[in-house]
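Chain letters run A, B, ... following the sequence lines, proteins first and then strands; every chain starts at 1.
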Amino acid sequence: MSTLAFIEISEGEIKKTSLEAVSFAAGMDTAVTAIAFGQATEEALQKAGAAGATKILHVSDTAYNEGNIQAYATAIAQAAEQESADTVILANSSLGDPVAARLSIKMEASLASNVIELPDTTNGFTVKRSIYTGKAFANVDMTEGKRILGIKKNATTLKEDGGPATIETFTPTSQENDFKVKILSQEKATGDVLLPEADIVVSGGRGLKGPENWGMIEDLAKSLGAATGCSKPVSDMDWRPHHEHVGQTGIKVAPSLYIAVGISGAIQHLAGVNGSKYIVVINKDEEAPFFKAADYGIVGDAFEVVPKLTEAIKAING
Amino acid sequence: MKILVCITHVPDTTSKIAFTENNTQFDKTGVQYIIGPYDDYALARAVELKEQTSGSITVLNVGEAETEPTLRKALAIGADDAIRINAAPKDSYYVANQISAIAKEGQYDLILMGRESIDFNNGVVHGMVGELLGIPSLSPIMTLEIDGTTAKMTREIEGGKESLEAQLPLVLGCQEPIAEWKIPNMRGIMTARSKPLQVIDPSDDSTRTLLKAYEQPAAKGAVKMIDADNVAELVNLLKNEAKVI
Ligand SMILES: Cc1cc2nc3c(=O)[nH]c(=O)nc-3n(C[C@H](O)[C@H](O)[C@H](O)COP(=O)(O)OP(=O)(O)OC[C@H]3O[C@@H](n4cnc5c(N)ncnc54)[C@H](O)[C@@H]3O)c2cc1C
């Protein structure tokens with residue numbers, strides 16, 4: 001039996017979260033095959049080899065470039081069959097989750113998403129998953145012979161010492177309904193670090209008073225190579241675009257470092273950031289609830305603290 | 001247009017999460033239940049679409065009798081009738097099976113639900129229902145316009161969005177800003193009392209996962225406070241203690 005990992009390509013490169021999925025699969029001590037769709041060079045695909053895959057199936061048919069949910073599910077099911085894979089691993093993402101759902105029905109597989117640890121296989125196949133938006137965990141038995149795991153961001157460390165993988169072209173047979181949904185266009189923030197995948201996030205809240213003050217947040221983010229985020233009222237008031245809104249009803253992030261500036265730390269905001277490894281809070285109100293969830297805190301006026309912090313970081317980064 | 005809106009009955013977003021009976025049961029003490037916030041968006045968009053195109057909205061919940069106030073609230077917001085599948089939701093597959101059985105019978109043009117429930121956060125029921133019914137499923141959907149039998153949508157992707165087009169019938173997992181949340185008014189609350197709420201037994205008992213035990217996250221260590229005049233100390237800690245910069 002073997003494991004199949006679905007890897008997503010963005011602008012010719014494998015997404016970091018997908019490399020984590022391959023690393024996770026490699027940690028399960030079975031042979032790992034990866035499947036990738038879309039245009040990518042051999043060199044770019046080999047990163048999956050470094051992450052632990054021994055074989056890479058590449059779907060190079062341009063019909064599959066765009067990320068069509070149904071077509072991907074069909075193709076991955078066929079690849080799993082070809083490779084006799086009993087387990088499919090993918091990263092939780094806006095593409096991975098809906099694909100996993102359809103795939104689980106096609107494969108008659110147990111499905112768990114937001115998995116945060118390697119499975120315990122001493123007695124069956126048990127996974128630990130994050131529930132209640134990060135406020136608790138559930139240990140779940142996957143009772144079918146086949147299973148699909150969606151891996152939460154940063155749940156695993158990246159493996160980078162794997163050998164080169166063999167790369168094979170894979171040609172799926174599409175089914176009648178697979179391309180019924182037309183993808184008309186995609187709009188993506190370019191150039192900047194993408195929030196859902198960022199290793200460091202700097203977020204601003206209503207405490208910043210207005211969109212004209214965001215330059216300060218952007219400067220701090222730039223000094224750290226970080227993505228920028230915001231609280232819900234900030235995006236509701238159109239100070240920042242919706243795709244920067246972090247929290248229970250927005251994007252959930254799990255960076256190594258989350259810096260919250262002028263954000264009170266309402267429970268719904270915390271629900272989107274409680275997967276962060278370290279949290280820094282800058283707030284002028286020492287009673288702000290966010291300090292309870294923080295690792296490091298500064299009570300102070302953002303307008304004074306943030307520029308100083310940016311300078312101090314620039315100084316150490318030379 | 002016939003719309004089916006699937007709603008979850010979940011603890012209010014501010015609830016304290018605790019477990020009883022050796023961490024096998026959720027502790028409901030003092031917990032307020034609400035319509036899942038994402039499902040609320042789905043329902044709100046359904047109400048707007050009904051106003052534009054006429055038709056009907058059926059709300060569906062897989063849950064025991066205690067979820068009826070949540071269904072009544074959905075009726076007060078604007079659904080025409082409600083179905084409760086009389087069973088505790090056991091896992092995503094179990095729920096998806098119940099929904100698709102109802103959907104097959106009802107021949108709905110549009111099946112809307114939230115992108116995920118805020119209790120179990122699997123975020124997969126919409127896709128399972130789509131596959132079980134053999135129709136497209138898309139999530140997370142941020143905007144939805146219907147013109148005849150054509151749906152135009154935007155779907156969130158990492159760092160942006162994509163525009164999509166498909167023919168009905170469709171299953172969609174919704175999120176903001178697809179619609180403004182609707183608050184029931186007095187008239188809605190009064191009429192909801194007399195709207196039909198059908199209780200049906202589950203059609204299929206199969207599950208594909210089994211919950212063994214819940215766990216609480218480890219308690220967070222105390223925050224280290226740093227003087228606002230000493231940001232260098234914060235930089236030092238981030239670099240040498242946390243090792244994140
Ligand atoms: C169902 C539901 C879902 C929700 N989902 C989300 C979500 O996904 N994400 C989200 O963020 N919110 C969400 N909310 C809203 C949430 O409850 C809070 O209202 C929101 O997070 C508050 O944003 P804020 O902290 O930016 O603003 P505020 O609560 O107004 O806090 C501003 C903070 O800035 C501080 N401040 C002011 N001036 C300064 C200064 N000069 N320097 C430093 N600090 C300053 C203040 O002390 C205060 O703590 C949700 C609410 C509900 C009901």
Measure the shortest side-chain to side-chain distance between [X] and [Y] over non-hydrogen atoms and say whether it is less than 4.5 angstrom.
X: B/M225; Y: A/E286; result: no
X: B/L164; Y: A/K182; result: no
X: A/I131; Y: B/D119; result: no
X: B/I245; Y: A/N317; result: no
X: A/H242; Y: B/E176; result: yes

Please say whether more than 12 non-hydrogen atoms of neighbouring residues, nucleotides or ligands are located less than 6.0 Å from [atom1] in [X].
X: B/N240; atom1: CG; answer: yes
X: A/E108; atom1: CD; answer: no
X: A/K252; atom1: NZ; answer: yes
X: B/E180; atom1: CD; answer: no

Pick from [options]: which one has the most heavy-atom pairs with chain A under 4.5 Å?
options: B/G130, B/P140, B/S139, B/A222; answer: B/G130
options: B/R155, B/R115, B/Q175, B/K152; answer: B/R155
options: B/E158, B/E156, B/K212; answer: B/E158
options: B/V244, B/N122, B/T209; answer: B/N122
options: B/V223, B/T207, B/V124; answer: B/V223
options: B/E116, B/K220, B/M153, B/K243; answer: B/K220

Checking heavy atoms, do the side chain of [X], its backbone, both or neither come under 4.5 Å from chain A?
X: B/Y93; answer: side chain
X: B/K16; answer: neither
X: B/S15; answer: backbone
X: B/P136; answer: both
X: B/L211; answer: both
X: B/T14; answer: both
X: B/D229; answer: both

Examine whether an atom of [X] lies under 4.5 Å from a heavy atom of chain B, and if so say whether it belongs to the side chain, the backbone or both; otherwise answer neither.
X: A/E144; value: both
X: A/V127; value: neither
X: A/E187; value: both
X: A/E197; value: side chain
X: A/L309; value: both
X: A/N274; value: neither
X: A/K146; value: neither
X: A/I183; value: both
X: A/A138; value: both
X: A/K284; value: neither
X: A/T126; value: side chain
X: A/I251; value: side chain
X: A/F291; value: both
X: A/A226; value: neither

Rounded distance [0.5 Å steps], [atom1] in [X] versus [atom2] in [Y]:
X: A/I105; Y: B/L133; atom1: CD1; atom2: CG; result: 10.0 Å
X: A/K308; Y: B/L234; atom1: NZ; atom2: CG; result: 12.0 Å
X: A/H243; Y: B/M142; atom1: NE2; atom2: CE; result: 9.0 Å
X: A/K106; Y: B/M128; atom1: NZ; atom2: CE; result: 13.5 Å
X: A/S130; Y: B/E215; atom1: OG; atom2: CD; result: 11.5 Å
X: A/N177; Y: B/I135; atom1: CG; atom2: CD1; result: 9.5 Å

- Task: Begin from the C-alpha positions of B/L238 and A/V280 and carry the test side chain to side chain contact (heavy atoms under 4.5 Å, CB included) through to its verdict.
- Result: CA-CA 9 Å; B/L238 292 176; A/V280 171; 3.8 Å; yes

Best-contacting candidate, [options], against chain B by heavy atom pairs under 4.5 angstrom:
options: A/Q268, A/M142, A/E311; value: A/Q268
options: A/K180, A/Q175, A/K128; value: A/K128
options: A/S10, A/A100, A/S113, A/G250; value: A/S113

Which heavy atom in [X] sits nearest to a heavy atom in [Y], and how many Å separate them?
X: B/P217; Y: A/F137; answer: CA-CE1, 3.6 Å
X: B/G123; Y: A/D97; answer: O-CB, 4.3 Å
X: A/I69; Y: B/S137; answer: CD1-O, 4.1 Å

- Query: For chain B, which residues from residues 293-306 of chain A lie under 4.5 Å away (heavy-atom distances)?
  - Reply: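 Result: A/A293, A/A294, A/D295, A/Y296, A/G297, A/I298, A/V299, A/G300, A/V305.
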
- Message: Whether the side chain of A/R102 engages the backbone of B/L132 through a donor-acceptor N/O pair (distance < 3.5 Å, no angle test) should be reported.
- Response: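 The answer is no, because no donor-acceptor pair under 3.5 Å joins these two groups.
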
- Query: Going by residue number, which parts of residues 30-38 of chain B are within reach of chain A, meaning a heavy-atom gap below 4.5 Å?
  - Reply: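 Answer by number: B/P37, B/Y38.
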
